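Got a structure for you, questions after.
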Amino acid sequence: MKVKSDFLVIGSGIAGLSFALKTAQNFPDKKITIITKGSKEESNTKYAQGGIATVYDLTQDSYKAHIQDTLIAGDGLCDESVVKMVIIQATERLDELLNWGVSFDKNAQGEYDLGKEGGHSKNRIFHHKDITGYEIERSLLKKVNQTPNIDFYDFHYAIDLITEHQVFGDLMSLETDKTVFGAYVLDEKKHEIKTFTAKYTLLATGGSGQVYETTTNPFVATGDGIGMAYRAKARLADMEFIQFHPTALYNPGESPAFLISEAVRGFGAFLRNEQGQRFMKKYDERMELAPRDIVARAIDTEMKLQGSKHVYLDVSHLDYEAFIKHFPNITRKCESLNIDIRKDYIPVAPAAHYMMGGIIVDKNAQTSIKNLYASGEVSRTGLHGANRLASNSLLEALVYSHNAATHLAKNYNDEYQLPSIPEWIDTSTDRTMEKILITHDRNEVKTIMSNYVGIVRSNERLLRALRRLYVLYQDNKRLYDHAEISTDLLELRNLITTAYLIVEFSRKRKQNKGGFYSKDFI
Ligand code: FAD
Ligand code: SIN
């Protein structure tokens, strides 16, 4: 079956939805198709807690300060021109969110109640209680559903991008200049593979936290966009920089890990070790509000020194009523585990949270593949450098989806005709494969990555990871070539590819920076 559109959007988080809304408005007579695996709302976006960093009132804050904070957090590897472009656009993008119906909390004086997080010199985080992402996803989905020229296919899993390789065969795939013509997509309910063709495609498939055992990312964050882009030979960068969030709730058996927002530390919470001592002073004068890579490494060191599986977050000294008002979801979660935050410390440990690297894009979100754009966590824009400043990623997605939409509005080519695109060829011969093999392999990827490619790495650990991943790659290839295609199998393929890329990029880096830290370079 073929589905033809002008624009194909892969992914329904903030990057995909905001691009689709803008493009639908810019091209009322063209068809925009969104596909997403699983349900419409499931995404990293839905779980965002802290909010969106935006300089709004220039009497209270300045672009210069936000730019400076971003550059410091990025540990010298940000692209300064990108940082300036994103931060200066933030006010306009926030106004758009407000127009789309997103509500942000205000204080008793009717002014926006701005939160603070690690690495920020000012309170500048717009939030909706501690469920900002849920509010954004809700509002954008509502708006998309009201837009007639957007078609939405949920439970549709993008398997691979269609380029010259599929259209003209292997010989043409050797050409360096590639063009995207859409994607092959698994209808997860009908178990049928469909061909979605489009003149222009936006990859907005989000992150890859699921490569690790402990992560704040939901099950859908399996690095699919990275896998697809890598196979299509798009250029990637910075894959070694993984952000571990310092304070995921330590609750063995719960996966994904529940996040205790950094905004809680911005609100005044203390970190304490197993003995109840505050320890951040030993590591950074900014204490609990140092950038994330520093706090996560400090916690990791403290846990290793004490032989403990977690440290604690202490909010017992804070105004309880004010705390519940800002963090009702976190308070409820603690209550459900019999943690009374008025007197009990909250056990927390670092968890894989965000992928700084990804598909290289220019300021218009264009990738190295013609007509392929990328926005959001799957992309590498140069904003984050080696370590993302808290609450800068929702903003980055909004800005790059806006820039992509604007670029297309100026450059859309009505004359352009797609070549004839072949349907997917099913090569599966074995329909008896045991699903449990996939589960075992998925768990193995996570164990390898957590044991050898975590917060602290070394050459020896990386080599071990590489060898073990190679065995998994070979097993997965055999399965992929013969077994019936399924979401589990495809996700595993992308998890292995993403893990491999994180390891290979790590092996090439020879200096510690932000989200990459090796014992060999201390
Ligand atoms: P996502 O929101 O992850 O959306 C990706 C979409 O692509 C999903 O719909 C997914 O199902 C779909 N998809 C993936 N693969 C395929 C495929 N093969 N085929 C079809 N569809 C596919 N950032 C901030 O700025 N502020 C915060 O407060 C904040 N808090 C966070 C809290 C948590 C717990 C987490 C996990 C992240 C947080 N982040 C925060 C990071 C931020 O939420 C993400 O970086 C951002 O939402 C990414 O948006 P996105 O649109 O790129 O991807
Ligand atoms: C948080 O609320 O701590 C997450 C913020 C982010 O990842 O930017």
Side-chain angles (χ1 to χ4, degrees), residues 8-19 34-54 115 117-120 125-128 130-134 136-137 140-141 153-161 183-186 188 196 202-210 215-228 243 245-248 256-266 292 327 330 351-356 358 374-379 384 388-398 400-401 487 490-491 493-494:
L8 175 65
V9 179
I10 307 178
S12 59
I14 190 169
L17 296 178
S18 61
F19 171 83
I34 305 177
I35 60 159
T36 200
K37 65 174 170 176
S39 60
K40 287 182 178 178
E41 76 288 350
E42 193 58 2
S43 57
N44 276 5
T45 300
K46 179 180 157 191
Y47 298 94
Q49 292 190 357
I52 304 190
T54 304
E117 292 182 55
H120 286 276
I125 320 288
F126 285 72
H127 65 96
H128 180 95
D130 51 359
I131 52 164
T132 310
Y134 184 87
I136 292 174
E137 190 68 20
L140 296 190
L141 279 176
Y153 293 76
D154 56 359
F155 294 94
H156 276 67
Y157 182 110
I159 304 170
D160 263 320
L161 296 169
Y184 291 119
V185 177
L186 171 68
E188 294 176 304
F196 280 71
L202 176 85
L203 258 183
T205 47
S208 62
Q210 284 290 323
T215 177
T216 60
N217 290 192
F219 292 113
V220 293
T222 50
D224 296 348
I226 297 293
M228 281 187 268
Q243 181 164 81
H245 196 292
T247 58
F258 181 85
L259 184 72
I260 307 289
S261 175
E262 190 155 304
V264 169
R265 273 174 284 134
R292 258 177 214 176
F327 305 107
I330 291 173
H353 183 64
Y354 186 83
M355 178 175 75
M356 263 74 74
S375 175
E377 195 163 336
V378 74
S379 68
H384 310 306
R388 176 178 65 100
L389 182 67
S391 287
N392 264 358
S393 50
L394 294 169
L395 173 62
E396 179 193 47
L398 283 176
Y400 275 81
S401 290
T487 299
L490 295 166
E491 283 186 342
R493 182 166 77 133
N494 291 321

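All values below come from the heavy atoms of this structure, side chains included, with hydrogens, waters and symmetry mates left out. Counting starts at 1 for both ligands and their atoms, in listed order. Everything numeric here is computed off the predicted structure, so don't read it as measured data.
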Glu262 side chain vs Ala390 backbone, donor-acceptor pair below 3.5 Å: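 Not a single qualifying donor-acceptor pair exists.
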Atoms of ligand 2 close to His245 [distance to a heavy atom under 4.0 angstrom, numbered from 1]: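 Listed by number with element: 1 (C), 3 (O), 4 (C).
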Min heavy-atom dist Met355 to ligand 1 below 4.0 Å: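 Judged by the 4.0 Å heavy-atom criterion, Met355 does not count as contacting ligand 1.
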Within-shell test, Ile52 vs ligand 1, heavy atom, strictly < 4.0 Å: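 Judged by the 4.0 Å heavy-atom criterion, Ile52 does not count as contacting ligand 1.
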Minimum side-chain heavy-atom gap Asp224-Tyr157 below 4.5 Å: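 Asp224 reaches Tyr157 side chain to side chain.
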Pair Gln49-Tyr134, side-chain donor/acceptor within less than 3.5 Å: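 Side-chain D/A pair, Gln49 to Tyr134: absent.
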Region of Leu259 that comes within reach of ligand 2 [heavy atoms, distance under 4.0 Å]: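 It is the side chain that touches ligand 2; the backbone stays farther off.
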Part of Ala397 with heavy atoms under 4.0 Å of ligand 1, whether side chain, backbone, both or neither: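 Neither part.
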Ligand 1 versus Arg388: contacting region, heavy-atom distance under 4.0 Å: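 For Arg388, the contact with ligand 1 is made by the side chain alone.
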Test item, Ser12 contacting ligand 1 (heavy atom, 4.0 angstrom):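 Checking ligand 1 against Ser12, which is what was asked, there is a heavy-atom contact under 4.0 Å.
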Part of Glu377 with heavy atoms under 4.0 Å of ligand 1, whether side chain, backbone, both or neither: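 It is both backbone and side chain that touch ligand 1.
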Option whose closest heavy atom lies nearest to atom 47 (O) of ligand 1, chosen from Ile136, Val378, Thr45: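 Ranked by closest heavy atom to atom 47 (O) of ligand 1, first place is Thr45.
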Within-shell test, Gln243 vs ligand 2, heavy atom, strictly < 4.0 Å: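 No; Gln243 lies far enough from ligand 2 that no heavy-atom distance drops under 4.0 Å.
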Protein heavy atom at shortest distance from atom 4 (C) of ligand 2: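 Protein heavy atom with the smallest distance to atom 4 (C) of ligand 2: Arg292 NH2, 3.4 Å.
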Side chain proximity check, Arg493 to Asp160, heavy atoms < 4.5 angstrom: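 With C-beta onward as the side chain, the pair touches.
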Where ligand 1 meets Gly206 - atom numbers and elements under 4.0 angstrom, heavy-atom basis: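 Here the atoms of ligand 1 in question are 3 (O), 5 (C), 52 (O), 53 (O).
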Per-residue contact class, Ala204 against ligand 1 - non-hydrogen pairs under 4.0 Å: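 The answer is the backbone of Ala204.
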Shortest protein contact, atom 2 (O) of ligand 2 (heavy atom only):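 Result: Ser261 OG, 2.7 Å.
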Asp224 and ligand 1 - part of the residue with a heavy-atom distance under 4.0 Å: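 For Asp224, only side-chain atoms sit under 4.0 Å from ligand 1.
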Winner among Thr132, Asn44, Ile35 once heavy atoms are compared against atom 1 (P) of ligand 1: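 Heavy atom nearest to atom 1 (P) of ligand 1 belongs to Asn44.
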Backbone or side-chain N or O of Ser393 under 3.5 Å from ligand 2 N or O: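 No, since none of the N or O atoms of Ser393 sits under 3.5 Å from an N or O of ligand 2.
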